[in-house]
Every structure is written in C-alpha cells, then in structure tokens.
Amino acid sequence: QVQLVESGGGLVQAGGSLRLSCAASGRTFSSYAMGWFRLAPGKDREFVAAISRSGGSTYYADSVKGRFTISRDNAKNTVYLQMNSLKPEDTAVYYCAGGFNVLRLWVSTEYDYWGQGTQVTVSS
C-alpha cells in the first residue's frame with residue numbers, strides 16, 4: 001500500500017509563490033510516475049504537471065507552463081511542485097498522484113494512488 005501526503009498549501013497573493021510537497025510511503029518511490037492535479041469549485045479535475053520515475057521527463061498543462069516546476073527526490077520519497085507567479089485562477093485543491101504503469105501522465109485515471117489534497121488560495 002502506498003500513502004501520499006501533501007503539504008505546503010496556503011493563502012498567497014497574486015504574483016506570489018508556494019512550494020507543494022508530497023511525501024510517499026510504502027513501495028519503492030522510484031518505481032512510479034508522479035503527477036499533480038487540481039480541483040477547483042465548479043470545475044473538473046485538471047492535470048497540472050507530471051514527472052517520470054527517474055525524473056528525467058516532465059510534463060505540464062499549458063495553463064501552468066513556465067510558472068510551475070515539478071521535481072522529485074527519490075532519496076527522500078518526495079515530489080515537489082514549485083508554483084511561481086500565481087494567479088487567482090490557480091486557486092484549487094491540489095492532489096498528488098502516483099502510478100506504476102502510467103502511459104498517459106496527464107490522465108488521472110491512470111494513477112493508482114492519491115493524496116488527500118492541499119488547498120491553495122490565490123487572492124487578487
């Protein structure tokens with residue numbers, strides 16, 4: 001069983017920055033790809049960013065490209081999402097997800113494990 005625990009959310013003004021962390025326990029962290037998704041009120045769950053098992057490949061939604069950076073530290077069993085130049089439309093609950101056989105990193109149903117989410121609120 002894999003457990004994922006997000007942290008680092010909070011309230012920030014537009015233009016500010018936050019770094020989210022997702023700590024994993026259980027099976028070998030380096031065995032699975034990791035992704036970040038978000039859910040805003042009244043909207044569908046949205047892909048944000050993903051990273052391959054080794055960290056050698058990263059993928060971003062167009063809406064966050066150039067502002068967000070995903071990274072992972074396999075020695076610490078942790079994946080990060082550095083969020084810069086935040087906008088009010090980035091307000092959402094952010095979830096990290098892990099999957100062992102993820103082919104389409106931007107597709108939420110391909111992930112096996114999910115964290116409980118962390119709230120990010122960006123004020124204008």
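- Taking the side chain as every heavy atom from C-beta outward, Ile70 and Val79 approach each other to under 4.5 Å.
- Within the model, atoms CG of Asn84 and OG1 of Thr69 stand 6.5 Å from one another, a figure rounded to the nearest 0.5 Å.
- The shortest side-chain heavy-atom distance between Phe68 and Leu86 falls under the 4.5 Å cut-off.
- Relative orientation of the Phe37 and Phe47 rings is perpendicular, given thresholds of 30° and 60° on the angle between their planes.
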Worked check of side-chain contact (heavy atoms from CB on, under 4.5 Å) between Trp36 and Cys22: CA-CA 9 Å; Trp36 286 95; Cys22 174; 3.8 Å; yes
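- Between the CZ atom of Arg67 and the OG atom of Ser85 there is a distance of 7.0 Å, given to the nearest 0.5 Å.
- Side-chain contact check for Tyr32 versus Arg53: every heavy-atom pair is 4.5 Å or farther apart.
- Remark: the backbone N or O of Gln116 is paired with a side-chain donor or acceptor of Glu6 at under 3.5 angstrom.
- A 6.0 Å sphere centred on CD of Gln3 holds no more than 12 heavy atoms belonging to other residues, nucleotides or ligands.
- Using cut-offs of 30° and 60° on the angle between ring planes, the pair Phe100 and Tyr113 is perpendicular.
- Counting only distance, with no hydrogens or angles, the side chain of Ser52 and the backbone of Ser57 share a donor-acceptor pair below 3.5 Å.
- Within the 4.5 Å cutoff, the side chain of Thr118 has heavy atoms near those of the Leu20 side chain.
- In the hydrophobic clustering of this structure, Leu39 does not group with Tyr94; members are Ile, Leu, Val, Met, Phe, Trp, Tyr whose side-chain heavy atoms approach within less than 4.5 Å, directly or through other members.
- Taken from OH in Tyr111 to OG1 in Thr109, the straight-line distance is 10.0 Å, to the nearest 0.5 Å.
- When side chains are defined from C-beta on, Glu46 counts as touching Ser63, because their heavy atoms get closer than 4.5 Å.
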Run the side-chain contact (heavy atoms from CB on, under 4.5 Å) test on Arg104 and Val102 for me, step by step, so that the C-alpha distance in whole Å, both residues' side-chain angles and the decisive distance to 0.1 Å come before the verdict. CA-CA 6 Å; Arg104 299 171 295 175; Val102 180; 5.7 Å; no
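- Under a cutoff of 6.0 Å and an axis angle of 45°, Arg72 and Tyr80 do not form a cation-pi pair.
- In this model, no donor atom of one side chain and acceptor atom of the other lie less than 3.5 Å apart for Thr78 and Asp73.
- Minimum interatomic distance between Ala50 and Leu105 (heavy atoms only, all atoms of both residues): CB-CB, 3.6 Å.
- Residues Leu4 and Gly98 share a closest heavy-atom pair of CD1-N, 3.7 Å.
- A side-chain donor-acceptor contact under 3.5 Å links Glu110 to the backbone of Leu103.
- For the pair Trp114/Ser108, a side-chain contact is recorded, criterion being any heavy-atom separation below 4.5 Å from C-beta on.
- Relative to the ring axis of Trp106, Arg45 does not place its NZ or CZ within 45° and under 6.0 Å from the centre.
- Salt bridge annotation for Lys87-Asp90: absent, with no cationic side-chain nitrogen under 4.0 angstrom from a carboxylate oxygen.
- With values rounded to the nearest 0.5 angstrom, Leu81 atom CG is found 11.0 Å from Met34 atom CE.
- Interatomic distance, OG of Ser71 versus CD1 of Ile51, reported as 6.0 Å (0.5 Å rounding).
- The OG atom of Ser30 lies 8.0 Å from the CG atom of Asn77; values are rounded to the nearest 0.5 Å.
- Between Val64 and Arg38 the shortest side-chain heavy-atom distance falls below 4.5 Å.
- For the pair Met83 and Val120, the minimum side-chain heavy-atom distance is below 4.5 Å.
- Cluster annotation: Val107 is connected to Tyr95 through the hydrophobic network of ILVMFWY side chains, with a link wherever side-chain heavy atoms come within less than 4.5 Å.
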